[in-house]
Amino acid sequence: MTATALDRIRAISRRDMKLKLSYPFDLLTSFWGIVVSVFMFFFIGQLVGDTPLISEAEGGYFAYAVVGVTVMGIAYATIGVFTSTFRSEMANGTLELLLSSSTRLRDILLGSLTVPFVFAGVQALGYFGLGWALAPDSLHPLAWVRALPVLILIVLSFAAIGLFSAAIVIVAQRGDPVGVLFAEATNLLAGAVFPVALMPEWLQVVARFIPTFYGFEALRSLMLADASWASVADELAILAAFDVALAVIGVWLLRKALRFARVMGTLGTA
């Protein structure tokens, strides 16, 4: 019986889930990181108090920061997923065999995304849940449900950047510079934990070339200012356009990188 594409995607997802659960210390570390981040910004929020720059955000700085650290937690969980997948397959000598079989590149990418999507959702629940427990009047329990479509678009943008990273790793067989640079640029410039309005004007212009800037704007409007979907339509359209463009270019680069590695005979090494 011939396996379907869905069967292959399921098989990759099951393998990744088993690997993820086989390292409980990593899961514990992730949980501890959530606790430390939320408590740190809770106390910073008490120190900072209300500021006019985030006056439209119900709950003040703490709620503002919880949204930011949630997104950055998702970023670090998903941006390197393709890099780790291809590096692992190359190190095990299975990538060439996998691509020579009926498994298509699409199956590998979709299968690799499943587990990070699940754990990104769990992380988001952890951040929001702990934030709500510390400040129940600031973060509404079901706010993350309303914002879920925006979170999905943000995850897709990080995954698309991950395609660029994977292409570089396959060709250069070195670390992942693109993913780290993009994540740090997002953390610093896109409004993760402080308003972009605090930065010089030229950096505010740079921030608008980072997809997550629009994700932050939409998330905070929906979750903290009780805005309507219509009011964030422009931000969502721009973020979706970034996702499509980055994904198309990323897949093209990844195919080129795989073809180059096959010609050079390095597809089975890492």
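Computed from a predicted structure; not experimentally measured.
By the side-chain contact (heavy atoms from CB on, under 4.5 Å) test, Ala65 is found to be paired with Phe41, Tyr61, residues two or more places apart in sequence or in another chain being considered. Every residue meeting the side-chain contact (heavy atoms from CB on, under 4.5 Å) condition with Phe194, not counting sequence neighbours, appears here in chain and number order: Leu188, Leu198, Met199. For Ile152, the side-chain contact (heavy atoms from CB on, under 4.5 Å) test picks out Phe117, Leu148, Leu156, with sequence neighbours left out. Not counting sequence neighbours, the partners of Phe39 by the side-chain contact (heavy atoms from CB on, under 4.5 Å) test are Val35, Phe43, Leu130, Leu134.
Rounding to the nearest 0.5 Å gives a distance of 13.0 Å between OG of Ser221 and CZ of Phe216. Expressed to the nearest 0.5 Å, how far OH of Tyr214 lies from CD1 of Ile154 amounts to 13.5 Å. Here CG of Leu219 is found 9.5 Å from CG of Leu153. Values are rounded to the nearest 0.5 Å. One distance of note links CZ of Arg146 with CG of Leu151; it measures 13.0 Å at 0.5 Å rounding. Between atom CZ of residue Arg259 and atom CD1 of residue Ile170 there is a gap of 12.0 Å, rounded to the nearest 0.5 Å. Rounded to the nearest 0.5 angstrom, Ser228 OG and Leu222 CG are separated by 8.0 Å.
Of all heavy-atom pairs spanning Ala218 and Glu235, the tightest one is CB-CB, 4.2 Å. The two residues Ala124 and Ile74 make their nearest non-hydrogen contact at CB-CD1, 4.4 Å. Nearest heavy atom pair, residue Ser231 against residue Ala227, reads OG-CB, 3.3 Å.
Using a 4.5 Å heavy-atom cutoff, the side chains of Pro211 and Phe182 are in contact. A heavy-atom distance below 4.5 Å is found between the side chains of Phe62 and Val38. Contact of the Val150 side chain with the Trp229 side chain is registered, since non-hydrogen atoms from C-beta on lie closer than 4.5 Å. Counting heavy atoms from C-beta outward, Phe119 and Ser30 have side chains that stay 4.5 Å or more apart. Side-chain contact between Ile34 and Gln123 is present, with at least one heavy-atom pair separated by less than 4.5 Å.
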Inset, instruction - Report the C-alpha distance between Phe213 and Thr186 in whole Å, list the side-chain angles of each, state the deciding distance to 0.1 Å, and finish with yes or no for side-chain contact (heavy atoms from CB on, under 4.5 Å). - result: CA-CA 8 Å; Phe213 167 81; Thr186 298; over 6 Å; no
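The cluster map of Ile, Leu, Val, Met, Phe, Trp and Tyr, joined by side-chain heavy atoms under 4.5 Å apart, puts Met40 and Phe128 in the same cluster. With hydrophobic clusters built from ILVMFWY side chains whose heavy atoms lie under 4.5 angstrom apart, Val155 shares a cluster with Leu125. Under the 4.5 Å side-chain heavy-atom criterion for Ile, Leu, Val, Met, Phe, Trp and Tyr, Val36 and Val71 are members of the same hydrophobic cluster. No continuous path of hydrophobic side-chain contacts links Trp32 to Phe25 [ILVMFWY only; heavy atoms under 4.5 Å].
The closest donor-acceptor contact from the side chain of Arg220 to the backbone of Tyr64 lies under 3.5 Å.
Listed by first then second residue, pairs satisfying side chain to side chain donor-acceptor pair (under 3.5 Å) with a partner in residues 191-208 number zero, not counting sequence neighbours.
With Val193 as the fixed residue, the side chain to side chain contact (heavy atoms under 4.5 Å, CB included) test singles out one of Ile44, Val67, Val66, Val69: Val69.
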May I have the list of side-chain donor-acceptor pairs in residues 236-256 shorter than 3.5 Å, sequence neighbours left out?
residue, atom, partner, partner atom, Å
Asp243, OD1, Ser157, N, 3.4

